Amino acid sequence: MPGTVGPGRAAVRGRAGLLSRARPGAWAFRWVLRRPGPAFGLTVATLRFYEERGLVRHSERRGRVRYYRRADLARLAYAQLWHEDGLLTLAETSAIVDSDRLGDRLALIAGQRDALRERIGRLERAVGVLTHMLDCRTDRALECPMTGAYIRGRVDAALDGTPEPTGFWPEGFAGAAGDCAPAPAPARPARSVGDEQLLSLTRGLVSDAAKVRERACETISDRVRSFDRREVRTPASLLASAAVLEQDADCLESELNALGDLAVTGLFEAEDIAARRRLPRASVRPADAEHLDCLTAEYF
């Protein structure tokens, strides 16, 4: 009768199945598919799916009852080892279970291990960031030394093409997760566009063609974070003089834009753009007058 064991058979009953010793050394497992089986933590649907994928096979079937012998259960446990503990996909698990070649197995294992290590690293960094955010008592997150440094690093990288920060924690940071005082960051390499690029920009700014002058101004604005102090002073002086003499309204706008972008660096002095004093405010378009006002307020 289903669910019973004959005389002389030791049995362990689960909610959905029966392990019964038919003879010494051999176990037969009967899994009633109408209910989930607790022994391996599988639902009936999952067990059927595993069978369809070839991860487990039953040795015998009587009516609606499938019987799994010890070897069948060993294969199921082996498949679960790779899929649930090793986090391999079902396709990868099936490939390993059905393969007896060490090379194939090692290739899959190495790839999964490396992927998991990378994921663990990302998760550990995420925990560190969130822990810092929980412990940091700065009202405005961007004023936190660590958060602010990371954000500024990403913005600088976008503006001047330098490598992005490798992570939230600054290199050389020696504090705990909640410590907002990072260790002194390594000095960044001196920025410079180089003499060849500077000469090319200088030629562009004094070109007879308005389009060439505009392109030179756009290049200056794009690379403004790459200039050192000496390199900033040269185009700043040229732009101030060029703006006084400029006859093309669009080109004048580009020159004033570029000069305003260079002013943000704080690397030139009022004397470097003294020629700008000779440019009357009334001679420029209203939108360009705002640039003049900003330069006047900051330098004159």
Side-chain angles (χ1 to χ4, degrees), residues 140-145 147-165 185 187-300:
R140 299 182 62 187
L142 289 178
E143 293 178 359
C144 164
T147 306
Y150 175 71
I151 297 301
R152 288 192 297 274
R154 294 204 62 188
V155 173
D156 287 345
L159 291 176
D160 58 30
T162 58
E164 285 199 16
R188 295 181 63 182
R191 55 187 181 182
S192 172
V193 296
D195 290 339
E196 184 176 347
Q197 179 68 21
L198 185 62
L199 179 59
S200 176
L201 289 172
T202 299
R203 289 172 176 168
L205 291 176
V206 299
S207 171
D208 292 334
K211 291 297 183 183
V212 175
R213 296 197 299 275
E214 281 191 63
R215 282 198 298 271
C217 292
E218 291 171 357
T219 302
I220 290 173
S221 294
D222 290 341
R223 304 201 58 186
V224 67
R225 296 282 183 178
S226 301
F227 293 98
D228 62 22
R229 181 176 292 276
R230 175 185 65 86
E231 293 166 345
V232 163
R233 298 181 72 176
T234 299
S237 179
L238 283 174
L239 286 167
S241 298
V244 174
L245 303 173
E246 188 58 67
Q247 300 298 312
D248 185 282
D250 291 334
C251 197
L252 175 59
E253 179 182 7
S254 296
E255 290 162 351
L256 292 176
N257 277 334
L259 189 55
D261 289 335
L262 289 175
V264 174
T265 67
L267 296 180
F268 66 80
E269 309 296 335
E271 62 187 35
D272 297 317
I273 59 169
R276 199 228 46 89
R277 290 178 177 272
R278 303 198 303 272
L279 181 63
R281 189 178 189 281
S283 65
V284 301
R285 293 182 297 195
D288 299 333
E290 296 180 7
H291 295 294
L292 290 179
D293 293 341
C294 291
L295 291 169
T296 299
E298 186 167 354
Y299 289 96
F300 304 110

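Here the structure is a predicted model, which means the values were calculated and not measured.
Under a 3.5 Å cut-off, the side chain of S200 and the backbone N or O of E196 do not form any donor-acceptor pair.
For residues 214-223, the set of pairs meeting the salt bridge (charged side-chain N to carboxylate O under 4.0 Å, His left out) definition, not counting sequence neighbours, is empty.
A heavy-atom distance below 4.5 Å is found between the side chains of D250 and R285. In this structure, E269 and R229 have side chains that are in contact, with non-hydrogen atoms separated by less than 4.5 Å. When side chains are defined from C-beta on, E231 does not count as touching L267, because their heavy atoms never get closer than 4.5 Å. Looking only at side-chain heavy atoms (C-beta outward), L239 and I220 come within less than 4.5 Å of each other. The shortest distance between side-chain heavy atoms of R233 and S237 does not fall below 4.5 Å. Side-chain contact between R278 and L245 is absent, with no heavy-atom pair separated by less than 4.5 Å. In this structure, the side chains of L205 and C217 come closer than 4.5 Å at one or more pairs of heavy atoms.
The line from CD of E246 to CG of L256 is 9.5 Å long, rounded to the nearest 0.5 Å. Rounding to the nearest 0.5 Å places CG of L262 at 11.0 Å from CG of N257. Between the OG atom of S241 and the CD1 atom of I273 there is a distance of 10.5 Å, given to the nearest 0.5 Å.
Closest of all the heavy-atom pairs between A236 and F268 is CB-CD2, 3.8 Å. Nearest heavy atoms, A258 versus S221: CA-OG, 3.5 Å. In this structure, S207 and R213 approach most closely via the heavy-atom pair O-NH1, 2.8 Å. In terms of heavy-atom proximity, L279 sits nearest to A243 at CD1-O, 3.6 Å.
Of the residues T265, T234, L201, the one that meets the side chain to side chain contact (heavy atoms under 4.5 Å, CB included) test with F227 is L201.
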